[in-house]
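Below is one structure, written out as structure tokens; comments come after it.
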Amino acid sequence: MVRVSGELRLVTDRPALVSQVRVRAARDRAERGGLTTTFDDVVPITGGQVEMDVLPGPAVMVLEESGGFSHVVKLVVPDMVTATLEQCVLAAEVAGEADKRTLERLAGEVVADRD
């Protein structure tokens, strides 16, 4: 598991009013002798700060605001002990629209090596 943490903020630098995030694997994947599914897990948010334990690999995080609004963010979680939310988002941007797990893993490693 990777401890992913970071702040959710608005462009005005105020904390985003996100009450919780739902996080899931980007797709079902066979690993560690089993199956990692695309079912959501809920993570509560306090003061705009995300702290969650996630398996390495491609993931999807859904930010939920009060009033029923939500926003989807793609992540690639690098295989390391801890990672910032910024690292995971940047790794997903590097992977772009490529749907290859290898590219996603490599993108995560590149961001981890950069830091």
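Hydrogens, waters and symmetry mates play no part in the numbers below; they use all other heavy atoms, side chains included.
Residue pairs that meet the salt bridge (charged side-chain N to carboxylate O under 4.0 Å, His left out) test with at least one member in residues 57-73, sequence neighbours left out, are R22-E64.
Checked against side-chain contact (heavy atoms from CB on, under 4.5 Å), V11 has no partners two or more places apart in sequence or in another chain. Evaluation of the salt bridge (charged side-chain N to carboxylate O under 4.0 Å, His left out) rule for E7 yields R9 as partners, not counting sequence neighbours. For D53, the side-chain hydrogen bond (donor to acceptor under 3.5 Å, both in side chains) partners two or more places apart in sequence, or in a different chain, are R3. By the side-chain hydrogen bond (donor to acceptor under 3.5 Å, both in side chains) test, T46 pairs with no residue at all, sequence neighbours left out. Scanning for side-chain contact (heavy atoms from CB on, under 4.5 Å) contacts around S5 gives Q49, E51, with sequence neighbours left out. Partners of R14 under the side-chain hydrogen bond (donor to acceptor under 3.5 Å, both in side chains) rule, at least two apart in sequence or in another chain, are T12. In this structure L17 satisfies the side-chain contact (heavy atoms from CB on, under 4.5 Å) test with no other residue, sequence neighbours excluded. Listed by chain and residue number, L35, T37, T38 satisfy the side-chain contact (heavy atoms from CB on, under 4.5 Å) test with D28 (two or more places apart in sequence, or in another chain).
In plain terms, the two heavy atoms of C88 and A83 that are nearest each other are SG-CB, 4.1 Å.
Of the candidates R29, R27, R24, E31, T36 forms a side-chain hydrogen bond (donor to acceptor under 3.5 Å, both in side chains) with just one, namely E31.
Applying the 4.5 Å side-chain rule to ILVMFWY residues, one finds M1 in the same cluster as L55. Cluster partners of V62, using a side-chain heavy-atom cutoff of under 4.5 Å among ILVMFWY residues and allowing indirect links, are V60, V72. Taking a 4.5 Å side-chain heavy-atom cut-off between Ile, Leu, Val, Met, Phe, Trp and Tyr, the cluster of V43 extends to V2, V4, L8, V18, V21, V23, I45, V50, M52, V54, M61, L63, V73, L75, V77, L85, V89.
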